[in-house]
Amino acid sequence: MSGFVEKPEPVQVPGLVHLHTGKVRDLYRDADDNLVMVASDRMSAFDWVLPTEIPDKGRVLTQLSLWWFDQLADLVPNHVISTDLPEGAPADWAGRTLICRDLDMVAVECVARGYLTGSGLAEYEQTRTVCGLALPEGLVDGSELPAPIFTPAAKAAVGEHDENVTYEEVARTTDAETAALLRRTTLDVYGRARDIARERGIILADTKFEFGFDKDGALIAADEVLTPDSSRFWPADLWEPGHAQPSYDKQYVRDWLTSPASGWDRHGELPPPALPQDVVERTRAKYIEAYERLTGQGWKSWT
């Protein structure tokens with residue numbers, strides 16, 4: 001069992017039609033048939049959307065995505081039309097709202113890996129492959145790969161795991177030309193982002209992208225890009241293969257939930273408990289630190 005501990009009621013805004021409530025984002029359609037994407041402060045872990053929010057998390061995801069879209073504009077266009085607040089929207093939507101083009105989304109999570117960890121490590125330990133790609137012997141948790149690899153995943157519903165798939169499966173479910181374009185674009189964008197992050201003392205271990213096609217058939221980057229929710233960022237000065245790496249993401253949350261202090265059995269049927277304040281504050285600080293280190297900009301107060 002998994003999903004939302006308490007699924008929130010969508011905010012009603014005149015002129016907007018609510019379409020979907022996801023783990024983090026709420027999606028609306030406006031009168032011009034554009035999508036309005038609002039990044040909440042919800043936190044998910046172990047396939048649960050938790051009852052406790054992390055203040056400013058949605059703004060970090062939105063503002064960092066906007067910064068990355070600018071860095072990647074010559075490699076792939078993005079779906080953003082405007083960051084203006086829709087008329088009548090609540091003040092809390094400031095800094096977390098994007099008006100976007102509606103795209104024909106590709107039903108594949110496009111994952112690039114430059115380092116071995118997570119589900120890739122689990123597969124490697126069994127078969128010496130990741131998504132069917134053979135890798136050399138001797139790699140451990142945190143090892144840098146000989147070259148970045150494209151390891152796609154099938155999108156899953158809220159509360160379920162994305163499932164790693166092979167490149168050949170992507171080609172079968174889309175077509176050969178689309179699969180090649182997704183792989184090329186994913187690895188090009190990863191390479192650019194990896195180099196930018198490295199200059200700032202951060203390792204981009206892996207990341208996932210979502211793409212769609214516009215009405216003219218052009219491939220467009222959508223949703224979020226290169227955030228702590230969609231990527232593994234590690235401090236370069238602490239990188240040490242052979243064990244899990246410290247990271248700029250929800251690790252404090254995961255660690256607390258799996259500690260005796262939480263009293264929660266992640267393999268049981270009960271939902272996770274509320275987070276203590278110190279875990280909330282440390283997690284918020286990690287998200288903001290990632291933003292500031294990557295962009296070189298101080299975090300803006302939205303109050």
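If you chain together ILVMFWY residues whose side-chain heavy atoms come under 4.5 Å of each other, L27 ends up grouped with V17, L19, L35, M37. With a 4.5 Å cut-off between side-chain heavy atoms of Ile, Leu, Val, Met, Phe, Trp and Tyr, the cluster of L238 takes in none. Here I220 is tied into one hydrophobic group with L103, M105, each link being a pair of ILVMFWY side chains closer than 4.5 Å.
Between D41 and R59, none of the side-chain N atoms (NZ, or NE/NH1/NH2) sits under 4.0 Å from a carboxylate O, so this pair counts as no salt bridge. Note on D56 versus R284: salt bridge recorded, some NZ/NE/NH1/NH2 to OD/OE distance being below 4.0 Å. Under a 4.0 Å N-O distance rule, the pair D104/K215 does not qualify as a salt bridge. Using a 4.0 Å cut-off between a side-chain N of Lys or Arg and a carboxylate O of Asp or Glu, R192 and D188 do not qualify as a salt bridge. Under 4.0 Å is where a charged nitrogen must lie from a carboxylate oxygen, and between E289 and K286 at least one such pair does.
Within the 4.5 Å cutoff, the side chain of V80 has no heavy atoms near those of the I99 side chain. Annotation: side chain of T52 is not in contact with side chain of M43 (no heavy-atom distance under 4.5 Å). Put simply, the side chain of V189 does not reach to within 4.5 Å of the side chain of C110, judged on heavy atoms. You'll find the side chain of H20 stays beyond 4.5 Å of the side chain of D26, heavy atoms only. Side-chain contact between R183 and L187: present, with at least one pair of heavy atoms (C-beta onward) separated by less than 4.5 Å. Using a 4.5 Å heavy-atom threshold, the side chains of W256 and W264 count as separate. Proximity of R293 to F233: side-chain heavy atoms (C-beta onward) are nowhere separated by under 4.5 Å. Using a 4.5 Å heavy-atom threshold, the side chains of L16 and R29 count as separate.
Rounding to the nearest 0.5 Å places CD of E163 at 10.0 Å from SG of C131. For the atom pair CZ of F213 and OG1 of T174, the computed distance is 8.0 Å after rounding to the nearest 0.5 Å. To the nearest 0.5 Å, atom CG of residue D141 and atom OH of residue Y124 are 12.0 Å apart. The distance from the CD1 atom of I149 to the OG1 atom of T186 is 12.5 Å, given to the nearest 0.5 Å. The structure places CG of L182 at 11.5 Å from CD of E109, a figure rounded to the nearest 0.5 Å. Taking SG of C100 as the reference point, atom CG of D223 lies at 9.0 Å (rounded to 0.5 Å).
Grouping the Ile, Leu, Val, Met, Phe, Trp and Tyr side chains by contacts below 4.5 angstrom, directly or via other members, places V111 apart from L145. Using a 4.5 Å cut-off between side-chain heavy atoms of Ile, Leu, Val, Met, Phe, Trp and Tyr, with links allowed through other members, I81 and F211 fall into different hydrophobic clusters. Linking ILVMFWY residues whenever their side-chain heavy atoms come closer than 4.5 Å, directly or via other members, leaves Y167 and L116 in distinct clusters. Hydrophobic clustering, with ILVMFWY side chains joined whenever heavy atoms are under 4.5 angstrom apart, groups V225 together with L98. Note on V36: it does not cluster hydrophobically with L61, by side-chain heavy-atom contacts below 4.5 Å among ILVMFWY residues.
There is no side-chain donor-acceptor pair under 3.5 Å between S247 and R254. Inspection of the Y190 and D206 side chains reveals no N or O donor paired with an N or O acceptor under 3.5 Å.
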Could you walk me through whether T129 and E123 pass the side chain to side chain donor-acceptor pair (under 3.5 Å) check?
-> CA-CA 6 Å; T129 65; E123 180 183 335; 2.8 Å; yes
Assess whether ring-ring contact (aromatic ring centres under 6.0 Å, His included) is satisfied between W239 and Y115, documenting all intermediate values.
-> CA-CA 11 Å; W239 175 55; Y115 293 75; 5.7 Å; yes
Test side chain to side chain donor-acceptor pair (under 3.5 Å) applied to D278 and Y252, step by step = CA-CA 10 Å; D278 66 311; Y252 276 113; over 6 Å; no
Working for side chain to side chain donor-acceptor pair (under 3.5 Å), residues S119 and R113 = CA-CA 11 Å; S119 63; R113 301 177 191 268; 3.1 Å; yes
Residues R282, V279; criterion side chain to side chain contact (heavy atoms under 4.5 Å, CB included); working and verdict | CA-CA 5 Å; R282 289 179 178 183; V279 174; 5.9 Å; no
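When every heavy atom of D33 is checked against every heavy atom of D102, the shortest pair comes out as O-CB, 4.1 Å. The minimum heavy-atom distance linking P241 with S143 is given by the pair CB-N, 4.1 Å. Annotation for V130 and G120: closest pair CG2-O, 3.4 Å, computed over non-hydrogen atoms. In plain terms, the two heavy atoms of L139 and E144 that are nearest each other are CD2-O, 4.5 Å. Taking all atoms of both residues into account, the shortest heavy-atom contact from R42 to K57 is O-NZ, 2.8 Å. Looking at every heavy atom in both residues, W67 comes nearest to L294 through CH2-O, 3.4 Å.
Looking at Y287, its side chain never comes within 3.5 Å of a backbone N or O of G58 through a donor-acceptor pair. Between the side chain of E169 and the backbone N or O of T166, at least one donor-acceptor pair lies under 3.5 Å. A distance-only check finds a donor-acceptor pair linking the side chain of Q63 to the backbone of G95 [under 3.5 Å]. Judged purely by atom type and a 3.5 angstrom limit, S230 uses its side chain to pair as donor or acceptor with the backbone of T227. Listed for the Q245 side chain is a donor-acceptor partner under 3.5 Å among the backbone atoms of E240. Between the side chain of T173 and the backbone N or O of V170 there is at least one donor-acceptor pair closer than 3.5 Å. A donor-acceptor pair is defined here as one N or O able to donate and one able to accept, closer than 3.5 Å; no such pair exists between the side chain of S231 and the backbone of P228. Under the 3.5 Å distance criterion, the side-chain polar atoms of E210 are left unmatched by any main-chain donor or acceptor of V106. Proximity of a side-chain donor or acceptor of R25 to a complementary backbone N or O of A39 within less than 3.5 Å is not detected. Here the side chain of K250 pairs a donor or acceptor atom with the backbone of S44 at under 3.5 angstrom.
Applying the ring-ring contact (aromatic ring centres under 6.0 Å, His included) rule to pairs touching residues 128-154 yields nothing, sequence neighbours excluded.
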Donor-acceptor pairs under 3.5 Å, side chain of residues 5-15 to any protein atom, not counting sequence neighbours: which ones?
none

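If you look at W234 and Y248, their ring centroids are not closer than 6.0 Å.
Residue L72 forms a side chain to side chain contact (heavy atoms under 4.5 Å, CB included) with just one option from N78, T185, L226, and that option is L226.
At most 12 heavy atoms of other shown residues, nucleotides or ligands fall within 6.0 angstrom of atom CD in E87.
For Y28, the ring pair (Phe, Tyr, Trp, His ring centres under 6.0 Å) partners at least two apart in sequence or on another chain are H18, W93.
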